[in-house]
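Structure first, commentary second.
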Amino acid sequence: MGKIKINIIGSCVTREIFITANNENYKGIYQLGTDAWQTSIPCLMSPNVRGVDRPAGITPFKLKSLQADTRKTSRRSIEEEKPDYIIFDLYADVRYGYAQVGDGFVTNNPSTFRKTTFFKDKNYTKIYHSIRPDEHFEIFKSQFDKFVRWKKEKLPNAKLILNRIRYAVGYLENGVYMPFDEEQFPYVHSDLKQFIRCENYIMENYKEDVLVVDMADRIAFGDPNHRAGKSPWHYTREHFERNMYLLNEIVLKDKIENK
């Protein structure tokens, strides 16, 4: 059996399953394709968005991410690569939300889109964020339906996997539990409500279309030594080892049932 081809739509909560520091042997099982980094579902499914400038001082990696968001190159790359599985998370959907630009959407990412003059001059049509949960949820629902229909049309043999995550509320340092500062991360609990709302919508309405890696059934710990700093979405190696175990379990079960 050859390697399992897998693509990522999401953030570091999923991408860091597939790094050797967390799962050193993952390359023996998985062939990682396009990583649609911090891309939301509405952004992925929208038509191209034009007129967004290149912000000054942005890194090449973040520029590439912004251009993928506006030009929709990730979607086309995934179609060409024809993966066996597409694993996605809802971090960008809930934490960042969506900027509507005409008939299209861009992830309202503070590291990329919000640094543009286009954003600062308010050239977008409307911002949808989980702080206005009902508006945000309506956009999510309609665009997620497009996402599933796109997968069925363009990638009929691929399977969708939701990486169902929870923020860490603290970390261990020298054996002592340290909660994250609620003034620094005030949205951890409010975001949870929208995560649950969107996840429940998927699990209730797309049971036949979406498999679930469920990381929401136990407490997550942050990594105090993470290269990007301590935060509720940068987990320990143990978290990602379990993430990989559950992913392998789903893939193996799927292979056995469809043999």
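Along the sequence shown, the residues carry numbers beginning at 1.
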L63 vs R54, side chain to side chain contact (heavy atoms under 4.5 Å, CB included): CA-CA, chis, key distance, verdict: CA-CA 7 Å; L63 176 62; R54 173 178 179 165; 3.3 Å; yes
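- There is a side-chain donor-acceptor pair under 3.5 Å between Y30 and N248.
- Of all the heavy atoms in V213 and L247, the pair that sits closest is CG2-CA, 4.0 Å.
- Following chains of ILVMFWY side-chain contacts shorter than 4.5 Å, one cannot reach L192 starting from V212, and the two form parts of different hydrophobic clusters.
- The neighbour count for K115 NZ, taken as heavy atoms of other residues, nucleotides or ligands under 6.0 Å away, does not exceed 12.
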Side chain to side chain contact (heavy atoms under 4.5 Å, CB included) evaluation trace for Q143 with Y98: CA-CA 11 Å; Q143 297 300 308; Y98 325 121; over 6 Å; no
From CA spacing to verdict: side chain to side chain donor-acceptor pair (under 3.5 Å), Y128, D93: CA-CA 10 Å; Y128 295 89; D93 291 83; over 6 Å; no
Pair V210-M203, side chain to side chain contact (heavy atoms under 4.5 Å, CB included): steps then yes or no: CA-CA 7 Å; V210 180; M203 293 187 292; over 6 Å; no
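- H226 places none of its side-chain heavy atoms less than 4.5 Å from the side chain of S231.
- The side chain to side chain contact (heavy atoms under 4.5 Å, CB included) test with M215 singles out one residue from N163, T14, I17, and that residue is N163.
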R197 and D134: CA distance, side-chain angles, deciding distance, salt bridge (Lys or Arg N to Asp or Glu O under 4.0 Å) verdict: CA-CA 10 Å; R197 192 178 194 183; D134 292 341; 2.9 Å; yes
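- Looking at heavy atoms from C-beta onward, K159 lies out of side-chain contact with P83 at the 4.5 angstrom threshold.
- To the nearest 0.5 Å, atoms OH (Y206) and CZ (F147) are separated by 11.0 Å.
- Here the side chain of T125 pairs a donor or acceptor atom with the backbone of G102 at under 3.5 angstrom.
- Inter-residue side-chain proximity for L252 and I256 is flagged as met; some heavy-atom pair is nearer than 4.5 Å.
- Between the side chain of E81 and the backbone N or O of T34, at least one donor-acceptor pair lies under 3.5 Å.
- Put simply, the residue from I87, D89, D214, L90 that forms a side chain to side chain contact (heavy atoms under 4.5 Å, CB included) with L162 is L90.
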Criterion salt bridge (Lys or Arg N to Asp or Glu O under 4.0 Å) on D53 and K120, from CA distance to verdict: CA-CA 11 Å; D53 57 290; K120 293 173 183 176; over 6 Å; no
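- Minimum interatomic distance between S11 and Q38 (heavy atoms only, all atoms of both residues): CB-CG, 4.0 Å.
- Heavy atoms of other residues, nucleotides or ligands lying less than 6.0 angstrom from CG of D103 number 12 at most.
- Taking a 6.0 Å sphere around CZ of R76, one finds it holds more than 12 heavy atoms contributed by other residues, nucleotides or ligands.
- With respect to the salt-bridge test (charged N to carboxylate O, under 4.0 angstrom), the residues R227 and E16 qualify.
- Checked by atom type and distance alone, the side chain of R242 never pairs as donor or acceptor with a backbone atom of Y245 at under 3.5 Å.
- With values rounded to the nearest 0.5 angstrom, F88 atom CZ is found 12.0 Å from R164 atom CZ.
- Between K72 and S46, the closest side-chain pair of non-hydrogen atoms falls below 4.5 Å.
- Grouping the Ile, Leu, Val, Met, Phe, Trp and Tyr side chains by contacts below 4.5 angstrom, directly or via other members, places L172 with F185.
- Cluster annotation: V148 is connected to I161 through the hydrophobic network of ILVMFWY side chains, with a link wherever side-chain heavy atoms come within less than 4.5 Å.
- Smallest separation of non-hydrogen atoms from F240 and V13: CE2-O, 3.4 Å.
- Of the residues R95, H136, E199, the one that meets the side chain to side chain donor-acceptor pair (under 3.5 Å) test with Q194 is H136.
- Within the hydrophobic cluster formed by Ile, Leu, Val, Met, Phe, Trp and Tyr side chains joined at under 4.5 Å, directly or through other members, V49 is accompanied by V52, L66, V101, V106, F113, F118, F119, Y124, I127.
- Using modelled atom types, one side-chain atom of Y26 and one backbone atom of F18 make a donor-acceptor pair closer than 3.5 Å.
- Ring centers of F144 and F140: under 6.0 Å apart, within the cut-off.
- With hydrogens and angles ignored, the 3.5 Å screen pairs no side-chain donor or acceptor of S40 with any backbone N or O of A92.
- Listed here is the closest heavy atom pair of G222 and A168: N-CB, 3.4 Å.
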Evaluation steps, ring-ring contact (aromatic ring centres under 6.0 Å, His included), between F180 and Y167: CA-CA 11 Å; F180 284 114; Y167 294 146; 9.7 Å; no
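- Between T112 and K62, the shortest heavy-atom contact is CG2-O, 3.5 Å.
- For the atom pair I139 CD1 and Q100 CD, the distance stands at 6.0 Å (nearest 0.5 Å).
- Using a 4.5 Å cut-off between side-chain heavy atoms of Ile, Leu, Val, Met, Phe, Trp and Tyr, with links allowed through other members, M178 and I219 fall into the same hydrophobic cluster.
- One hydrophobic cluster holds both Y201 and I165 under the rule that ILVMFWY side chains link at heavy-atom gaps under 4.5 Å.
- Taking each heavy atom of W37 and S65 in turn, the nearest pair found is CE3-OG, 3.3 Å.
- For the pair R15 and L32, the minimum side-chain heavy-atom distance is below 4.5 Å.
- A donor-acceptor pair under 3.5 Å is absent between the side-chain atoms of R166 and the main chain of A216, judged by distance alone.
- Between D181 and K230 there is no salt bridge, since none of the side-chain N atoms of the basic residue sits less than 4.0 Å from a carboxylate O of the acidic one.
- N108 is listed as a side-chain neighbour of R114, based on a closest heavy-atom distance under 4.5 Å.
- Heavy-atom contacts from other residues, nucleotides or ligands closer than 6.0 Å to CZ of R237 number more than 12.
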Verdict with supporting geometry, Y91 and Y96, ring-ring contact (aromatic ring centres under 6.0 Å, His included): CA-CA 8 Å; Y91 174 88; Y96 299 154; 5.4 Å; yes
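- Interatomic distance, M244 CE to N22 CG, rounded to the nearest 0.5 Å: 9.0 Å.
- With N109 contributing its side chain and S111 its backbone, the two residues share a donor-acceptor pair below 3.5 Å.
- Distance CG/N7 to CD/E79: 11.0 Å, rounded to 0.5 Å.
- Residue K141 qualifies as enclosed at atom NZ: its count of foreign heavy atoms under 6.0 Å is above 12.
- Residue Y177 qualifies as enclosed at atom OH: its count of foreign heavy atoms under 6.0 Å is above 12.
- Between D145 and R149 a salt bridge is recorded (basic side-chain N to carboxylate O distance below 4.0 Å).
- Distance OG1/T236 to CG/N225: 11.0 Å, rounded to 0.5 Å.
- Atom CD of E238 is surrounded by more than 12 heavy atoms from other residues, nucleotides or ligands within 6.0 Å.
- F105 has its side chain out of reach of D69: every pair of non-hydrogen atoms, C-beta onward, lies at least 4.5 Å apart.
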